[in-house]
Number of protein chains: 2
Amino acid sequence: MTGNGVERTSRAVATRQLIIETAERLFAERGVTAVSNRQVSEAAGQGNNTAVGYHFGGKADLVRAIVRDRHQRVEHLREETLAQVRGSVTVRDWVAALVLPTTRHLADSGSPTWFARFAAQAATEPAFAAMITEEALNSPALNEIRTGLDACLPQLPRSVRQQRAEMARTLMVHTVADRERALADGTEPSAESWDAAAHGLIDALTGMWTAPVTPLH
Amino acid sequence: MTGNGVERTSRAVATRQLIIETAERLFAERGVTAVSNRQVSEAAGQGNNTAVGYHFGGKADLVRAIVRDRHQRVEHLREETLAQVRGSVTVRDWVAALVLPTTRHLADSGSPTWFARFAAQAATEPAFAAMITEEALNSPALNEIRTGLDACLPQLPRSVRQQRAEMARTLMVHTVADRERALADGTEPSAESWDAAAHGLIDALTGMWTAPVTPLH
DNA sequence: ACGGCAATCAGTCACATGCCTTAATTTTGC
DNA sequence: GCAAAATTAAGGCATGTGACTGATTGCCGT
């Protein structure tokens, strides 16, 4: 049947993983909707042109599988980081806990990487945006970081808090994607390393979260 | 010949404009690459299924035309705003000059609007990203605002300035797109009005730009 | 009024895609 | 080992797409 996440034969999980990685790369380079399931299957070396359909169901399910695969890897890093910040009441610490797991993962993954560009596109594409945010809520560590950050900013009005949370998410996703794209293009990235990019992002996000709220008019 | 921007008959410019507006809507709702030229032509009421090809050349040229059309409208508002801030040395003033023209244009355009979502997608799609940034550089007012803002932050290192400029751009584009999407979905937007969203964005961006730069390690 | 020409319409063709069917091959449960 | 299930291979089919072609409409200046 359609591989629905249940453990299958080792060959099957290998091809699943191969398709996931191939698709992530193609999607990042050419665009999620611009790449057909057929192209993914063929690029993954599958003679069967319906390999994506067989293993995942459809493109949406493939996208979800890619996201889950990466989330799973980043989650470990998030838990590590979380252990070090837990109990802190400093905005910067919690912002760092939000940023560093992702950038560390990218740095550890060698070069080139594709996940950041893929994620930015998937989050922007109307067909997948809802799914992406939905998947993000499944991370316990991420939710704990969010509440920890909220606790550092008790005076922030609800609407401002919500707006800044959206902005923070947007900023993280697209900033790392921009750097990844620059690395892939060969154009000079604005930060020397993933660590430098992360620190710049943490500075900026901390400034954003702690910015004074001016009244309307 | 292919409508290349030169003034043609009134019927042609009318259909061109009709296609532009139809395409903007379809692209915003379903995704730029997910919508075919054929669908755009038909949705615009053109019996000819190659109307897009005839009037614009290809999808990339259509996207460019949409962007130019909106840029042109926003540019007027930018010049007005610019006249009021010119000479200021306050970061917040220049940030406001960056944000308000777009949000004002969206507020003035009635409801629903589609440009913000379209722009966010086009800027993220690898096939169009370069063109979008290229088009953005054609705005004299925008460039003056950028230099004005830079002048307010003379102590900022080059790399940090560049990184924050990218972040500011990303943040503006996607934040207004998020609000537009929320309006279209019927979900509660995090800001009550375009003005409120703009002020929240200005607060956040000002905080981001003026955030202290911490050294690495 | 009328002839030229831009603009629109209508139909066609080659091609890629998603989905389906069938067969071959590998893995698993017993 | 062996039968059954799972996986991969291979090809076909209907549909949608971009590009091309020729016919038709309607506006323009003379």
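Note on naming: letters A, B, ... go to the chains in the order of the sequence lines (proteins, then strands), and numbering restarts at 1 for each one.
- When the side-chain nitrogen and oxygen atoms of A:T15 are compared with OP1 and OP2 of D:dT8, one or more of them lie within a distance under 4.0 Å.
- Contact check on A:E134 versus A:R64 returns a salt bridge, with a Lys/Arg side-chain nitrogen under 4.0 Å from an Asp/Glu carboxylate oxygen.
- Summary of helix geometry: the two end axes of the helix from C:dA1-D:dT30 to C:dC30-D:dG1, each defined by five base pairs via their C1' atoms, are inclined to each other by 30° (rounded to 10°).
- Although no hydrogens or angles enter the test, the distance criterion places a donor-acceptor pair under 3.5 Å between the side chain of A:D61 and the main chain of A:G58.
- When the C1' atom of D:dG11 is taken as reference, atom OH of A:Y54 falls 18 Å away, rounded to whole Å.
- A salt bridge links A:R73 to A:D69: at least one charged side-chain nitrogen sits closer than 4.0 Å to a carboxylate oxygen.
- Atom P of nucleotide D:dG22 and atom CG of B:N48 are separated by 15 Å, given to the nearest angstrom.
- The closest side-chain heavy-atom distance from A:F118 to A:V67 is below 4.5 Å.
- Between B:R78 and B:E144 no salt bridge is recorded (no basic side-chain N to carboxylate O distance below 4.0 Å).
- Using a 4.0 Å cut-off between charged side-chain N and carboxylate O, B:D108 and B:R104 make no salt bridge.
- In this structure, A:Q46 places its CD atom 16 Å from P of D:dG11, rounding to the nearest Å.
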I need a per-nucleotide contact map over nucleotides 13-18 of chain D, read 5' to 3'. Cutoff is protein heavy atoms under 4.0 Å; write B for the base, S for backbone only, - otherwise.
----BB

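- The distance between atom NE2 of B:H55 and atom P of C:dA7, rounded to the nearest whole Å, is 7 Å.
- Between B:E24 and B:R70 there is a salt bridge, since at least one side-chain N of the basic residue sits less than 4.0 Å from a carboxylate O of the acidic one.
- One can place CD1 of A:I19 at 10 Å from C1' of D:dT8, the figure rounded to the nearest angstrom.
- With C:dT8, C:dC19, D:dA19 as the candidates, the nucleotide lying closest to the side chain of A:T50 is C:dC19.
- By the 4.5 Å heavy-atom criterion applied to side chains, B:H174 and A:T124 are counted as neighbours.
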